[in-house]
J.: 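Take a look at this one; I'll ask things after.
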Amino acid sequence: MSAIWLLKTEPDTFSIDDLRACPDGTSGWDGVRNYQARNRLRDEMCKGDTVLIYHSSCPQPAIVGEACVVSDPYPDPSQFDADSAGFDSRSSHDNPRWYQVDIRYVCSYAQPLLLKKLRQDEEFTHMELVLRPRLSVQKVAEREFQRIQQLCQPEDTSP
DNA sequence: GCCAACGTTGGC
DNA sequence: GCCAACGTTGGC
């Protein structure tokens, strides 16, 4: 049974449309620099898992669509690049500190689920997005996922 | 290992 | 831009 995750991104930096526009709709999800998020990504994410994309720090924070995990976790290359914002001098190739997976675009929602609306729905009272909003790699329960799809009318908008 | 200082996140 | 929440750092 594959898991369902929610990944947060700032659309000004990397939006779901940017993901869609990548070759094969696929991109490495780099830049995770929080240990709890890293542990989940490195130790629990599996190829084939479902991903919800959430846009944060923007006028309309919302769950905007779906992607899927298409690689096993591997070291985030930006941690080794001194010119990258993700550079971490404490990392080495023998002992990498930060990990990422590749994800592929699946669909955008006809009606993104605004955070404002999500907070009003009893189904989401115990969702991590509500209880621990700062964690950037979140778990989503099957029930929550079904309710999200019900509200958002997923459309196949593959490139 | 404690804890104060500091930095970051992200909704509003 | 403000500020609350919370993660990280580093002196002791």
Side-chain angles (χ1 to χ4, degrees), chain A residues 3-22 27-45 49-69 73-103 105-141 143-154:
Chain A
I4 305 157
W5 304 94
L6 181 146
L7 297 176
K8 294 193 301 180
T9 185
E10 299 187 14
D12 286 351
T13 305
F14 191 79
S15 71
I16 192 166
D17 289 332
D18 294 328
L19 175 64
R20 186 182 181 185
C22 287
S27 173
W29 198 261
D30 63 4
V32 172
R33 292 295 183 273
N34 166 282
Y35 290 106
Q36 202 160 8
R38 186 280 310 269
N39 290 348
R40 288 179 166 188
L41 200 151
R42 182 189 61 186
D43 304 336
E44 298 185 52
M45 271 200 185
D49 284 356
T50 295
V51 170
L52 299 175
I53 303 294
Y54 177 82
H55 283 174
S56 68
S57 293
C58 58
Q60 304 251 282
I63 300 172
V64 294
E66 295 172 24
C68 64
V69 178
Y74 62 97
D76 178 343
S78 70
Q79 71 192 300
F80 307 122
D81 178 2
D83 295 328
S84 163
F87 178 67
D88 190 331
S89 61
R90 301 164 300 184
S91 292
S92 67
H93 285 85
D94 287 345
N95 190 14
R97 188 169 294 233
W98 307 112
Y99 282 74
Q100 69 182 67
V101 292
D102 293 341
I103 67 168
Y105 174 87
V106 171
C107 68
S108 297
Y109 287 151
Q111 289 190 274
L113 179 51
L114 303 180
L115 179 61
K116 198 173 85 181
K117 294 288 179 191
L118 183 141
R119 286 184 186 282
Q120 292 167 0
D121 192 312
E122 292 216 342
E123 189 66 55
F124 303 119
T125 306
H126 301 292
M127 196 173 177
E128 282 200 332
L129 193 60
V130 174
L131 299 178
R132 308 189 51 203
R134 289 183 50 177
L135 188 56
S136 61
V137 177
Q138 306 200 353
K139 300 184 184 194
V140 179
R143 268 181 70 102
E144 293 164 349
F145 182 50
Q146 285 171 12
R147 179 73 176 135
I148 289 162
Q149 290 190 309
Q150 191 177 28
L151 293 169
C152 294
Q153 304 164 32

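Letters A, B, ... are given to chains in the order of the sequence lines, protein chains preceding strands, and every chain is numbered from 1. In this text, all values refer to a predicted model and were calculated from it rather than measured experimentally.
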J.: Just do the side-chain hydrogen bond (donor to acceptor under 3.5 Å, both in side chains) check on A/S78 and A/D76 with the steps written out, would you?
T.: CA-CA 6 Å; A/S78 70; A/D76 178 343; 2.7 Å; yes
J.: Salt bridge check: are A/E123 and A/K117 linked by an N-O gap of less than 4.0 Å?
T.: no
J.: Distance alone, cut at 3.5 Å: any donor-acceptor contact between the side chains of A/Q146 and A/R143?
T.: no
J.: Could you tell me the separation between the NE2 atom of A/H55 and the P atom of B/dC12, rounded to a whole number of Å?
T.: 17 Å
J.: Where the side chain of A/H93 meets the backbone of A/F80, is there a donor-acceptor pair that is under 3.5 Å apart?
T.: no
J.: Go through the side-chain N and O atoms of A/Y105 and A/E66 and say whether any donor and acceptor fall under 3.5 Å apart.
T.: no
J.: Polar pairs (N or O, both sides) under 3.5 Å between protein and nucleotides 7-11 of chain C?
T.:
from	atom 1	to	atom 2	distance (Å)
C/dT9	OP1	A/R90	NH1	2.8

